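Here is the structure we will look at, set down as structure tokens.
In what follows, chains carry the letters A, B, and so on, assigned in the order in which the sequence lines appear, proteins first and then strands, with residues in each chain numbered from 1. The shown structure was predicted, so the numbers you read here are calculated from the model rather than taken from an experiment.
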Number of protein chains: 2
Amino acid sequence: MALDRIADKWTVLTLGLLVERRLRFNQLRREIEGLSQKMASQTLKALERDGLVTRTAFATVPVTVEYAITPLGRSLAQALAPLARWASDHINEIARARERYDRTAR
Amino acid sequence: MALDRIADKWTVLTLGLLVERRLRFNQLRREIEGLSQKMASQTLKALERDGLVTRTAFATVPVTVEYAITPLGRSLAQALAPLARWASDHINEIARARERYDRTAR
DNA sequence: CTGGATCCACAATGATACTG
DNA sequence: CAGTATCATTGTGGATCCAG
């Protein structure tokens with residue numbers, strides 16, 4: 001269930017950015033290559049619903065909205081760190097395993 | 001990319017079982033509730049391709065096939081552990097956040 | 001027992017247009 | 001700026017049938 005919730009590309013990338021600094025909606029979109037308006041909206045809403053991110057609107061014209069990570073979100077980001085480390089440490093090994101497999105089995 | 005590869009339900013559950021002991025194809029299916037033949041096959045093949053699991057066939061009649069985790073697979077499982085711990089530690093907190101959100105915003 | 005091949009339904013996402 | 005609504009398309013997984 002936890003995986004269903006957090007294990008998608010946009011969620012992890014978004015959380016990763018918000019760990020460093022609070023961002024506005026379109027700032028986030030500019031930072032994350034390929035993040036559509038729809039996915040940004042959807043992802044942020046889900047993150048907010050789960051208490052991982054807060055949404056703060058300022059009554060400017062036009063409106064300004066800031067997204068910031070919560071302590072809970074930060075703790076998730078920390079739990080994600082070993083996985084990120086594993087990925088960067090072993091990406092080459094996986095690539096080699098794939099080549100080997102593709103050369104043999106196919 | 002790493003997430004795209006490993007972050008699905010069946011992959012994580014499969015890896016989680018294989019960490020403890022090697023399993024045959026249908027054993028695995030029996031252990032994991034809801035795992036269809038297709039997904040079992042697909043998941044195991046992908047895991048093997050990436051060098052996370054090995055497949056060993058025995059020339060019995062009918063054929064016996066055993067799947068076992070590799071050292072690489074084991075290291076991934078370890079990197080996944082903090083995440084699993086986070087999930088079980090905070091599942092209630094998330095549930096509460098959802099209730100709060102749904103009560104307010106909707 | 002261990003899968004491969006197909007068909008199909010539905011979920012997920014991108015593109016586009018529009019709004020307060 | 002910060003989204004919502006809708007449509008079109010693709011992806012994903014389940015069900016089913018078949019085979020060595």
Side-chain angles (χ1 to χ4, degrees), chain A residues 1-15 17-18 21-50 52-69 101-102 104-106, chain B residues 1-15 17-18 21-50 52-69 101-102 104-106:
Chain A
M1 205 193 100
L3 280 172
D4 273 359
R5 173 57 199 77
I6 62 166
D8 77 285
K9 196 174 166 182
W10 305 130
T11 295
V12 174
L13 292 176
T14 297
L15 217 55
L17 274 183
L18 291 179
R21 59 196 176 96
R22 44 179 53 218
L23 288 169
R24 302 214 315 281
F25 187 82
N26 282 326
Q27 275 184 328
L28 191 73
R29 287 201 54 211
R30 277 189 295 271
E31 299 265 2
I32 303 183
E33 165 93 22
L35 177 58
S36 69
Q37 213 166 40
K38 182 180 178 176
M39 283 299 98
S41 169
Q42 217 169 89
T43 300
L44 286 167
K45 200 174 291 184
L47 284 170
E48 190 197 356
R49 183 164 109 101
D50 286 349
L52 301 170
V53 154
T54 59
R55 175 186 186 279
T56 313
F58 299 96
T60 53
V61 179
V63 60
T64 300
V65 177
E66 275 192 357
Y67 289 93
I69 199 166
Y101 181 92
D102 291 349
T104 311
R106 300 204 54 209
Chain B
M1 207 194 98
L3 280 172
D4 273 359
R5 172 59 198 76
I6 61 167
D8 75 284
K9 195 175 167 182
W10 305 129
T11 294
V12 174
L13 291 176
T14 298
L15 216 56
L17 274 183
L18 291 178
R21 59 196 176 97
R22 45 179 51 220
L23 288 169
R24 302 215 315 282
F25 187 81
N26 282 326
Q27 273 185 330
L28 192 73
R29 287 201 54 209
R30 278 190 294 271
E31 298 266 2
I32 303 184
E33 164 94 20
L35 176 58
S36 71
Q37 212 168 43
K38 181 181 179 178
M39 283 299 98
S41 170
Q42 216 171 88
T43 300
L44 286 167
K45 199 175 292 181
L47 285 171
E48 189 197 357
R49 184 164 109 101
D50 287 350
L52 300 171
V53 155
T54 60
R55 174 185 187 279
T56 312
F58 300 96
T60 53
V61 177
V63 61
T64 301
V65 178
E66 275 192 355
Y67 290 92
I69 199 165
Y101 181 92
D102 291 349
T104 311
R106 299 201 56 210

Looking only at side-chain N and O atoms, does [X] come under 4.0 Å of OP1 or OP2 in [N]?
X     : N      : result
A:K38 : C:dT16 : no
B:S41 : C:dG4  : yes
B:R55 : C:dG3  : yes

Query raised in the report: Contact class for B:K9 vs. all strands (heavy atom < 4.0 Å): base, sugar-phosphate, or nothing?
Result: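 No contact.
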Report task. At the 4.0 Å heavy-atom cut-off to chain A, mark where contacts on DNA chain D begin and end, going 5' to 3'. Result ->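 Answer, 5' to 3': D:dC1 to D:dT6.
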Query raised in the report: Considering heavy-atom distances to DNA chain C, does A:M39 or A:V63 have its closest nucleotide positioned more toward the 5' end?
Result: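 Upstream on the strand: A:M39.
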Side-chain donor/acceptor of [X] to backbone N/O of [Y], under 3.5 Å:
X     : Y     : answer
A:T64 : A:T60 : no
B:R24 : B:Y67 : no
A:R29 : A:L35 : yes

Report task. Could I get the full list of side chain to side chain donor-acceptor pair (under 3.5 Å) partners for A:R30, not counting sequence neighbours? Result ->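 A:R30: no side chain to side chain donor-acceptor pair (under 3.5 Å) contacts found.
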**Report entry** Side-chain heavy atoms of A:L47 within contact of A:T11, under 4.5 Å
**Finding:**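 A side-chain contact under 4.5 Å exists here.
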**Report entry** B:R24 side-chain proximity, nearest of C:dG4, C:dC1, C:dG3
**Finding:**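 Among C:dG4, C:dC1, C:dG3, the one nearest the side chain of B:R24 is C:dC1.
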Query raised in the report: Has the side chain of A:Q42 got a donor or acceptor atom sitting under 3.5 Å from an opposite partner on the base of C:dA12?
Result: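 By the distance-only test, no, there is no pair.
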Query raised in the report: Does the pair B:E66/B:R21 count as a salt bridge with the N-to-O cut at 4.0 Å?
Result: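 The answer is no: the pair does not qualify as a salt bridge.
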